**Student:** 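Quick one: the structure is below, questions incoming.
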Amino acid sequence: MAMTMKETTVAGGKTFLRSADFRGRPYMLTSESVTADETTGKKIVKAGTPLPTNDAGALGLLFKDADVTDGDKAVSLVYEGDVSIAKLAANGITVADAAKTVLPRITFFD
């Protein structure tokens with residue numbers, strides 16, 4: 001069975017990193033963990049979203065926008081680096097204090 005991959009470019013993807021120096025790890029983002037948008041029906045997770053949860057269970061921040069409408073997707077989570085709180089906010093993301101606490105290798109800047 002041939003394996004195919006569908007690449008989707010999500011309009012408006014934004015970087016939240018303050019510098020290019022960061023470390024990431026692989027993560028499998030499951031389609032069933034994401035709620036579809038009521039208007040478009042798409043299952044898009046924005047860059048900077050804490051995963052798998054925005055609390056003490058966070059493993060990192062999603063490196064770039066991911067569309068899991070058509071199924072699970074291998075993504076990268078940033079677990080070390082400098083992050084701009086303003087850039088996160090511009091992308092509609094607020095990282096909870098509990099998530100920040102369990103991500104000590106990420107420095108959050110105003």
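Computed from a predicted structure; not experimentally measured.
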**Student:** Side chain of K73, backbone of A66: donor and acceptor closer than 3.5 Å?
**Tutor:**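 No, K73 side chain to A66 backbone: no donor-acceptor pair under 3.5 Å.
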**Student:** Is atom CZ of R23 surrounded by more than 12 heavy atoms (other residues, nucleotides or ligands) closer than 6.0 Å?
**Tutor:**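 Atom CZ in R23 is not packed in, count stays at 12 or less.
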**Student:** What are the two closest non-hydrogen atoms of A58 and P50, and how far apart are they?
**Tutor:** CB-CB, 4.3 Å
**Student:** Sequence neighbours left out, what pairs pass ring-ring contact (aromatic ring centres under 6.0 Å, His included) with at least one residue falling in residues 82-110?
**Tutor:** none
**Student:** Could you name each residue pair satisfying salt bridge (Lys or Arg N to Asp or Glu O under 4.0 Å) that touches residues 99-110, not counting sequence neighbours?
**Tutor:**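 Listed by first then second residue: E80-R105.
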**Student:** Which heavy atom of N91 sits nearest a heavy atom of A47, and at what distance?
**Tutor:** ND2-O, 2.9 Å
**Student:** Verify, without hydrogens or angle tests, whether N54 (side chain) and V95 (backbone) share a donor-acceptor contact under 3.5 angstrom.
**Tutor:** no
**Student:** Working to the nearest 0.5 angstrom, can you tell me the gap between D82 CG and I106 CD1?
**Tutor:** 10.0 Å
**Student:** I'd like to check the side-chain hydrogen bond (donor to acceptor under 3.5 Å, both in side chains) partners of S31; sequence neighbours left out, ordered by chain and number.
**Tutor:** K43
**Student:** Tell me, do V78 and F16 make a side-chain contact under 4.5 Å, heavy atoms counted?
**Tutor:** yes
**Student:** side-chain contact (heavy atoms from CB on, under 4.5 Å) with D37: which residues, sequence neighbours excluded?
**Tutor:** T39, T40
**Student:** Just to verify, which of V83, L61, L88, I85 counts as forming a side-chain contact (heavy atoms from CB on, under 4.5 Å) with I93?
**Tutor:**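 One option only clears the test, and that one is L88.
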**Student:** What pairs meet the ring-ring contact (aromatic ring centres under 6.0 Å, His included) rule with one or both residues in residues 17-42, with sequence neighbours excluded?
**Tutor:**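 Output for this query lists F22-F63.
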**Student:** Sequence neighbours excluded, which residues qualify as side-chain hydrogen bond (donor to acceptor under 3.5 Å, both in side chains) partners of T69?
**Tutor:** D67
**Student:** If you measure from OG1 on T15 to NZ on K64, what distance do you get to the nearest 0.5 Å?
**Tutor:**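 NZ of K64 is found 11.5 Å from OG1 of T15.
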**Student:** Do L51 and L59 have side chains that approach each other closer than 4.5 Å (heavy atoms only, starting at C-beta)?
**Tutor:**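 No - every pair of side-chain heavy atoms lies 4.5 Å or more apart.
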**Student:** Would you please test V45 and L29 for side chain to side chain contact (heavy atoms under 4.5 Å, CB included) and show each step?
**Tutor:** CA-CA 9 Å; V45 183; L29 183 58; 3.8 Å; yes
**Student:** Who pairs with T94 by side-chain contact (heavy atoms from CB on, under 4.5 Å), at least two apart in sequence or on another chain?
**Tutor:**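 T94 satisfies side-chain contact (heavy atoms from CB on, under 4.5 Å) with no other residue.
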**Student:** Check side-chain contact (heavy atoms from CB on, under 4.5 Å) between T101 and all other residues, then give those that pass, not counting sequence neighbours.
**Tutor:**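 Residues passing side-chain contact (heavy atoms from CB on, under 4.5 Å) with T101: none at all.
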**Student:** For residues K46 and L62, determine if any side-chain heavy atom of one lies less than 4.5 Å from a side-chain heavy atom of the other.
**Tutor:**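 They are not in side-chain contact.
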**Student:** With heavy-atom distances below 4.5 Å as the criterion, would you say the side chains of L17 and S84 are in contact?
**Tutor:**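 Contact flag for L17/S84 side chains = no.
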**Student:** Test of understanding: with side-chain hydrogen bond (donor to acceptor under 3.5 Å, both in side chains), list the residues that count as partners of D55, not counting sequence neighbours.
**Tutor:**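 Here the qualifying residues are T53.
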**Student:** List the residues meeting side-chain hydrogen bond (donor to acceptor under 3.5 Å, both in side chains) with S19, not counting sequence neighbours, and say none if there are none.
**Tutor:** none
